[in-house]
Amino acid sequence: MCAIEVTPVVSTERLVLRGPMVTDAAPIAALASDRNVAGMTGHIPHPYGVADAEGFIARVQDMDWDREACWVVEHHVFGVVGAVGLKAGERPELGYWIGRPFWNRGYATEAVRGALKWVKRDWRRHVVVAGHFADNPASGQVLCKAGFLYTGDVERRVSAARARNDVPTRMMVWLA
Ligand SMILES: CC(C)(COP(=O)(O)OP(=O)(O)OC[C@H]1O[C@@H](n2cnc3c(N)ncnc32)[C@H](O)[C@@H]1OP(=O)(O)O)[C@@H](O)C(=O)NCCC(=O)NCCS
C-alpha cells in the first residue's frame with residue numbers, strides 16, 4: 001500500500017494558496033526579481049531568475065508539511081501573484097510577498113489571513129511570529145490587519161537582496 005501525500009490548499013474569497021508547480025517558475029521569477037520585492041524579504045536574492053525559482057519550487061516540493069508550509073498565491077484571472085510560507089521552528093515564522101503589479105489590493109492581507117486559518121484549524125499551532133523590516137511599513141500594516149501584535153523587539157536581520165545582515169526588523173506575534 002502506498003500513502004498519497006496531498007499538499008494543503010487554502011481558498012479565500014479571491015485567492016487560492018496551493019503548493020508550487022514547475023510551471024510556476026517563470027511567473028515567480030518575473031515577480032520576485034523586482035528589487036522592491038526581494039529587498040523587503042530576508043532570503044530572496046537579487047537578481048533572481050527562473051533557475052532560482054525552480055530551486056525554490058524543488059525545495060517546497062520536498063518539504064515536510066508537518067514542520068513547515070509554503071504556498072504560491074494564485075488569483076483566478078492573474079495567475080500567480082505571490083507566495084506565503086511558514087518556516088519551521090518552535091514558533092513558526094511567517095513570510096510572504098506579493099508582486100508589485102498587484103500591491104494595495106488587499107491580497108497579502110487576504111492570503112495571510114487564509115494561511116493563519118489553516119494554521120489554527122488544520123496545523124493546530126497556536127503561535128506564529130513574523131518580522132518586517134523597519135523601512136517596510138506596508139508589511140507591518142498587513143500583519144496588524146491579520147491580527148499580529150508588536151512584541152517591542154527589534155532584531156537585526158539578513159536581507160540577501162541588499163547584501164546586509166543588519167537590517168532593523170520589527171518583531172510581531174500572533175496567537176490563535
Ligand atoms: C508588503 C506587501 C506584502 C503588501 O502586499 P499588498 O498585497 O499590497 O498588501 P495589502 O493590500 O493587503 O495591504 C497593504 C497595506 O499597507 C498599506 N500601505 C501601503 N504602503 C504603505 C506605506 N508606505 N506605509 C504604510 N502603509 C502602507 C496599504 O494602505 C494597506 O493598508 P490598508 O488596507 O489599511 O489601507 C507587498 O508590498 C510586498 O510583497 N512587498 C515586498 C515583499 C515584502 O515586503 N514581504 C513582506 C516581508 S515582511
Side-chain angles (χ1 to χ4, degrees), residues 10-18 20 24 26-49 52-53 56-57 59-60 68-89 91-119 127-174:
V10 177
S11 296
T12 67
E13 196 184 333
R14 297 173 294 173
L15 305 169
V16 173
L17 278 52
R18 60 159 176 82
D24 296 324
I28 290 172
L31 298 173
S33 60
D34 182 336
R35 185 185 279 281
N36 293 287
V37 171
M40 290 302 179
T41 71
H43 296 289
I44 301 177
H46 186 79
Y48 185 91
D52 297 300
F56 159 74
I57 291 164
R59 280 195 302 283
V60 176
E68 50 191 341
C70 189
W71 298 273
V72 290
V73 177
E74 186 170 60
H75 184 279
H76 69 101
V77 174
F78 306 127
V80 172
V81 296
V84 182
L86 290 148
K87 206 164 61 178
R91 293 179 171 179
E93 181 163 339
L94 179 75
Y96 48 86
W97 59 266
I98 295 290
R100 193 140 61 126
F102 308 108
W103 286 3
N104 292 318
R105 300 176 184 199
Y107 292 161
T109 305
E110 187 171 322
V112 168
R113 285 180 176 151
L116 292 173
K117 250 188 204 163
W118 176 83
V119 163
V127 184
V128 173
V129 297
H132 70 86
F133 293 155
D135 59 1
N136 187 11
S139 186
Q141 184 65 8
V142 167
L143 292 167
C144 286
K145 287 193 292 176
F148 280 78
L149 298 172
Y150 283 101
T151 64
D153 295 330
V154 178
E155 296 183 3
R156 295 196 172 265
R157 292 277 187 102
V158 168
S159 164
R162 300 188 202 188
R164 282 182 56 185
N165 62 3
D166 62 349
V167 184
T169 304
R170 301 184 70 191
M171 300 308 298
M172 301 183 76
V173 65
W174 172 87

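In each ligand, atom 1 is the first atom listed, and ligand 1 is the first ligand listed.
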Student: In Å, rounded to the nearest 0.5 Å, how long is the span from CH2 of Trp174 to CG of Leu149?
Tutor: 11.5 Å
Student: Roughly how far, to the nearest 0.5 Å, is the CG atom of Leu94 from the NE2 atom of His132?
Tutor: 12.5 Å
Student: What protein heavy atom sits nearest atom 32 (P) of ligand 1, and how far away is it?
Tutor: Lys145 NZ, 3.5 Å
Student: We want to know whether Glu110 and Thr12 form a side-chain donor-acceptor pair, criterion being a heavy-atom distance below 3.5 angstrom.
Tutor: yes
Student: Considering only NZ, NE, NH1 and NH2 on the basic side and carboxylate oxygens on the acidic side, decide whether Arg157 and Glu93 come within less than 4.0 Å.
Tutor: yes
Student: Give the numbers and elements of all ligand 1 atoms closer than 4.0 Å to a heavy atom of Asn36.
Tutor: 41 (C)
Student: Report yes or no: does Ala38 have a heavy atom closer than 4.0 Å to ligand 1?
Tutor: no
Student: Students should be able to answer this: which protein heavy-atom is nearest to atom 20 (N) of ligand 1, and at what distance?
Tutor: Ala138 CB, 3.6 Å
Student: What are the atoms of ligand 1, with element, lying closer than 4.0 Å to any heavy atom of Arg105?
Tutor: 11 (O)
Student: Can a non-hydrogen atom of Leu143 be found less than 4.0 Å from any atom of ligand 1?
Tutor: no
Student: When you check the side-chain N and O atoms of Ser139 and Tyr96, is any donor under 3.5 Å from an acceptor?
Tutor: yes
Student: Return yes if some donor-acceptor pair links the side-chain N/O of His76 with the main-chain N/O of Leu15 below 3.5 Å, else return no.
Tutor: no
Student: Nearest protein heavy atom to atom 7 (O) of ligand 1, by residue and atom, and its distance?
Tutor: Ala108 N, 3.0 Å
Student: Answer with side chain, backbone, both or neither: which part of Tyr96 has a heavy atom less than 4.0 angstrom from an atom of ligand 1?
Tutor: both
Student: Think Arg14 forms a cation-pi with Phe78, using NZ or CZ under 6.0 Å from the six-ring centre and within 45 degrees of its axis?
Tutor: no
Student: Hey, what do you get for OH (Tyr48) to CD1 (Ile44), rounding to the nearest 0.5 Å?
Tutor: 6.0 Å
Student: Mind checking whether Pro137 has an N or O less than 3.5 Å away from an N or O of ligand 1?
Tutor: no
Student: For atom 11 (O) of ligand 1, what is the closest protein heavy atom, and at what distance to 0.1 Å?
Tutor: Gly106 N, 2.7 Å
Student: Measure the shortest side-chain to side-chain distance between Lys145 and Arg113 over non-hydrogen atoms and say whether it is less than 4.5 angstrom.
Tutor: yes
Student: Report the member of Phe102, Trp103, Tyr107 with the shortest heavy-atom distance to atom 36 (C) of ligand 1.
Tutor: Trp103
Student: Over all heavy atoms of both residues, which pair between Val128 and Phe148 is shortest? Give the atoms and the distance, please.
Tutor: O-CE2, 3.5 Å
Student: When you measure from atom 28 (C) of ligand 1 to every protein heavy atom, which one gives the shortest distance, and what is it?
Tutor: Asn104 OD1, 3.5 Å
Student: Within the side chain of Asp52, is there an N or O that forms a donor-acceptor pair under 3.5 Å with the backbone of Gly49?
Tutor: yes
Student: Find all atoms of ligand 1 within a distance of less than 4.0 Å from any non-hydrogen atom belonging to Gly131, and give their numbers and elements.
Tutor: 48 (S)
Student: For atom 1 (C) of ligand 1, state which one of Gly140, Ser139, Gly95 supplies the nearest heavy atom.
Tutor: Ser139
Student: Is the contact between Asn136 and ligand 1 made by the side chain, the backbone, both, or neither, using heavy atoms and a 4.0 Å cut-off?
Tutor: side chain
Student: Can you tell me the protein heavy atom closest to atom 15 (C) of ligand 1 and the distance?
Tutor: Gln141 CG, 3.6 Å
Student: Indicate yes or no: does an N/O atom of Thr109 lie under 3.5 Å from an N/O atom of ligand 1?
Tutor: yes
Student: Under 4.0 Å, heavy atoms only, figure out whether ligand 1 is touched by the backbone of Val142, its side chain, both or neither.
Tutor: side chain
Student: Quick one: look up the protein heavy atom nearest atom 39 (O) of ligand 1 and list residue, atom name and how far away it is.
Tutor: Ile98 N, 2.7 Å
Student: Any chance you could measure Arg170, atom CZ, to Leu143, atom CG, to the nearest 0.5 Å?
Tutor: 11.0 Å
Student: Starting from atom 42 (C) of ligand 1, which protein heavy atom do you reach first, and at what distance in Å?
Tutor: Val37 O, 3.5 Å
Student: Output yes when a protein non-hydrogen atom is found under 4.0 Å of atom 34 (O) of ligand 1, and no otherwise.
Tutor: yes
Student: For Trp97, is at least one N or O under 3.5 Å away from an N or O on ligand 1?
Tutor: no
Student: Run the salt bridge (charged side-chain N to carboxylate O under 4.0 Å, His left out) check on Asp24 and Arg18 step by step: do they pass?
Tutor: CA-CA 11 Å; Asp24 296 324; Arg18 60 159 176 82; 2.8 Å; yes
